[in-house]
Amino acid sequence: MSPTPTQRALVTGGAGFLGSHLCDALLQDSYSVIAVDNLVTGNLRNLEHLRNEPRFEFRQQDINQPFDCGPVNYVFHFASPASPVDYAEHGIDTLKVGSLGTFQALDVAHKYGAKYLVSSTSECYGDPLEHPQKESYWGNVNPIGPRSVYDEAKRFTEAATMAYHRYKKLDTRIARIFNTYGPRMQLNDGRVIPNFMRQALRGQDITIYGDGGQTRSFCYVSDEIDGLLRLARSSEHLPVNIGNPVEFTIMDCAQQVLRVTGSKSRFCYEALPQDDPKQRRPDISKAKALLGWEPHVTLEEGLRLSLEYFKGAVEAEQPQVASAHEPA
Ligand code: UDP
């Protein structure tokens, strides 16, 4: 974005996996950054390396309450639990941050005349009946199922963002993010890559939910951040898919994890969680045409780039594995 040194960005959810990588990228881009996070799922370890960075400030803050971070030029609204295990455990908080928290973030942007980008999600498409998913697809979401606390919160977030754009002329952007992974993911957040990496590195059974034939498309974090920053620089107000269009079955993903870790773990099978989408792959033609963006890191490369992080995290923790079947 090449801003002048006085440009200041607010990142909500700045201590999260993606939020903290975004803080790094903005600092690299010569922004000064204020990150806020209530630390329900975010972790200060993700920001430890910025402790002595004079252009960085962290505030522990519940953004569902009115807050004032001072003048900013850009608001990146990334606060929300994002893994099925986390949002099942914090269901009401997830709905609140998607609604109340979103209004607070939008109000900060409006107050200071800042640009605004929100992290939305492929979950807006639910268990999609259109494949791959284009931004024009309205989705197939169960509004009362266990995933609805996240899916509907994010759909509401998009609606609120478009309303501020239409009624208050706020300069907004909406990124629909698809399964992103990489260093700083919490080992116990229950998502498939941290689960599989942890199980493989511990020599434990790999928990395949269902028959492993369901698909996902995994985007390495550096590609994701590049796409998000390009969208931030653009003037597109309608949603844009930012994800990797290469689709894998969950069984393929497990095989890749075994190869990269050199693990001899076996597979075990658990019930598929309710409403688990059967397939997911972004159509990224809009991002390609509009932003000149496409991802470059293959799943195998991304897993190799993440390996040292996951090894360190496994060494540092107690032996236990999160499961979508644990009581919320
Ligand atoms: N999954 C799995 N084993 C695990 C964790 C997840 O088979 O230990 C499956 C899950 O059922 C889903 C896919 O992997 O089909 C991706 O799950 P994740 O929780 O990472 O994110 P989602 O894309 O469902 O939000």
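Whatever order the structure lists them in is the order used to number ligands and atoms, beginning at 1. By convention here, the first residue in the shown sequence is residue 1.
- Checking side-chain atoms of D151 against main-chain N and O of C124 turns up no donor-acceptor pair under 3.5 Å.
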Exercise for review: Apply side-chain hydrogen bond (donor to acceptor under 3.5 Å, both in side chains) to E247 and H131, showing your working.
Suggested key: CA-CA 11 Å; E247 185 178 5; H131 193 72; 3.0 Å; yes
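- Tested against Q199 for a side chain to side chain donor-acceptor pair (under 3.5 Å), the candidates T261, D205, T207 yield a single pass: T207.
- Interface of I208 with ligand 1, defined as ligand atoms under 4.0 Å from a residue heavy atom, comprises 7 (O).
- Distances from atom 24 (O) of ligand 1 to the heavy atoms of R147, R191, R280 put R147 nearest.
- Not one N or O on the side chain of Y116 forms a donor-acceptor pair closer than 3.5 Å with the backbone of Y164.
- Below 3.5 Å of separation, one finds an N or O of V192 facing an N or O of ligand 1.
- Atoms of ligand 1 found under 4.0 Å from any heavy atom of F196 (numbered from 1 in listed order, with element): 3 (N), 4 (C), 8 (O).
- Of the candidates T207, N179, T215, D276, it is N179 that places a heavy atom closest to atom 21 (O) of ligand 1.
- Counting heavy atoms only, I250 comes closest to atom 14 (O) of ligand 1 of the residues D86, D275, I250.
- Less than 4.0 angstrom separates some heavy atom of E123 from each of these atoms of ligand 1: 25 (O).
- Using a non-hydrogen distance threshold of 4.0 Å, S83 does not register as a contact of ligand 1.
- In the displayed structure, R45 atom CZ is contacted under 6.0 Å by at most 12 heavy atoms of other residues, nucleotides or ligands.
- Between Q214 and ligand 1, at least one pair of N/O atoms sits closer than 3.5 Å.
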**Study point:** Chi angles and distances behind the salt bridge (Lys or Arg N to Asp or Glu O under 4.0 Å) call for D189, R198
**Key:** CA-CA 11 Å; D189 85 2; R198 176 158 69 165; over 6 Å; no
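- Below 4.0 Å from some heavy atom of N195 lie the following atoms of ligand 1, by number and element: 4 (C), 5 (C), 8 (O).
- Aromatic ring orientation, H21 versus F17: perpendicular (interplanar angle above 60°, classes split at 30° and 60°).
- For the residue pair D252/T249, the side-chain donor-acceptor check at 3.5 Å is satisfied.
- With a 4.0 Å cut-off on non-hydrogen atoms, R216 touches ligand 1 through its side chain and not its backbone.
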